[in-house]
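Counting from 1, the numbers follow the sequence of the chain as shown. Ligands are counted one by one from 1 in listed order, and the atoms in each one are counted from 1 as well.
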Amino acid sequence: MQDTLTSQDALAHLAAVIESRKAANGGDPEASYVARLLHKGPDAFLKKIGEEATEVVLAAKDADHGGDKTKIVYEMADLWFHSMVALAHYGLSPADVITELQRRLGTSGLEEKALRKAVAREAESK
Ligand SMILES: N=c1c2ncn([C@@H]3O[C@H](COP(=O)(O)OP(=O)(O)OP(=O)(O)O)[C@@H](O)[C@H]3O)c2ncn1[C@@H]1O[C@H](COP(=O)(O)O)[C@@H](O)[C@H]1O
């Protein structure tokens, strides 16, 4: 089934599984890693996000020195997964992030940075 899902559908499917772990009937911390993380609370999954981000950096640095690039994918998947648990906790979804990325499409990052600085200068001058 996973082969037939688009990337967006796969994220939505995983988000629905994570959401189901928040529900009383799917949320047994003894039977589900997601339920366990959610049960432990933000400190647990926010710490995992920090750890997994570091793992991504280490895998990338390793690849820079001839290491296996697929480790980056593996660690990035861990990072995305734990980030999705955080989104669910805060009542958000991958669709919210995708919407924001779509909003940014076509806007140069440099342009956006200059705009942000101009807005900050304007606020300071008031
Ligand atoms: N995508 C994932 C996923 N990616 C990573 N992990 C788990 O994340 C955990 C943490 O990874 P680590 O490498 O840091 O493992 P660790 O050293 O044991 O770390 P600690 O948890 O002890 O801190 C591991 O137990 C992984 O199995 C995931 N667990 C679940 N999912 C998805 O979530 C769904 C629901 O999972 P359950 O709630 O467990 O049924 C699954 O069907 C999957 O689709």
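No side-chain donor-acceptor contact under 3.5 Å links His89 to the backbone of Val85.
The atoms of ligand 1 that sit less than 4.0 Å from any heavy atom of Glu52 are 11 (O), 14 (O). Those atoms of ligand 1 with a heavy atom of Val17 less than 4.0 angstrom away are 34 (C), 35 (C). Below 4.0 Å from some heavy atom of Asp78 lie the following atoms of ligand 1, by number and element: 4 (N), 5 (C).
The presence of a protein heavy atom under 4.0 Å from atom 22 (O) of ligand 1 is ruled out. Closer than 4.0 Å to atom 42 (O) of ligand 1 lies none of the heavy atoms of the protein. Distance check on atom 19 (O) of ligand 1: some protein heavy atom falls below the 4.0 Å cut-off. Protein heavy atoms are found inside the 4.0 Å sphere centred on atom 35 (C) of ligand 1.
Few gaps surround OH on Tyr33; more than 12 heavy atoms of other groups in view lie less than 6.0 Å from it. Crowding of Gln8 atom CD: a count of heavy atoms from other residues, nucleotides or ligands under 6.0 Å not exceeding 12. Counting non-hydrogen atoms of neighbouring residues, nucleotides and ligands closer than 6.0 angstrom, the CD atom of Gln102 exceeds 12 such neighbours.
Nearest to atom 38 (O) of ligand 1 among the protein's heavy atoms is Ser32 OG, 2.4 Å. Nearest to atom 28 (C) of ligand 1 among the protein's heavy atoms is Phe81 CE2, 3.3 Å. Looking only at heavy atoms of the protein, atom 40 (O) of ligand 1 is closest to Arg21 NH2, 2.7 Å.
Of the heavy atoms in Val34, both backbone and side-chain atoms come closer than 4.0 Å to ligand 1. Residue contacts with ligand 1, taken as heavy atom pairs separated by less than 4.0 Å, involve Leu14 solely via side-chain atoms from C-beta onward. With a heavy-atom cut-off of 4.0 Å, His82 touches ligand 1 through its side chain alone. Within the 4.0 Å heavy-atom criterion, both parts of Tyr33, backbone and side chain, lie near ligand 1.
Linking Ile, Leu, Val, Met, Phe, Trp and Tyr residues whenever their side-chain heavy atoms come within less than 4.5 Å leaves Phe81 and Val57 in two separate clusters.
Taken from CG in Asp28 to CZ in Arg21, the straight-line distance is 10.0 Å, to the nearest 0.5 Å.
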Chi angles and distances behind the side chain to side chain donor-acceptor pair (under 3.5 Å) call for Asp96, Thr99: CA-CA 5 Å; Asp96 294 311; Thr99 299; 5.6 Å; no
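Under a 4.0 angstrom heavy-atom cut-off, Lys48 registers as being in contact with ligand 1.
Ion pair Glu51/Lys47 flagged as a salt bridge, since at least one NZ, NE, NH1 or NH2 atom sits closer than 4.0 Å to an Asp/Glu carboxylate oxygen. Salt bridge Asp68/Lys71: absent, no basic N to carboxylate O contact under 4.0 Å. Between Glu19 and Lys22 there is a salt bridge, since at least one side-chain N of the basic residue sits less than 4.0 Å from a carboxylate O of the acidic one.
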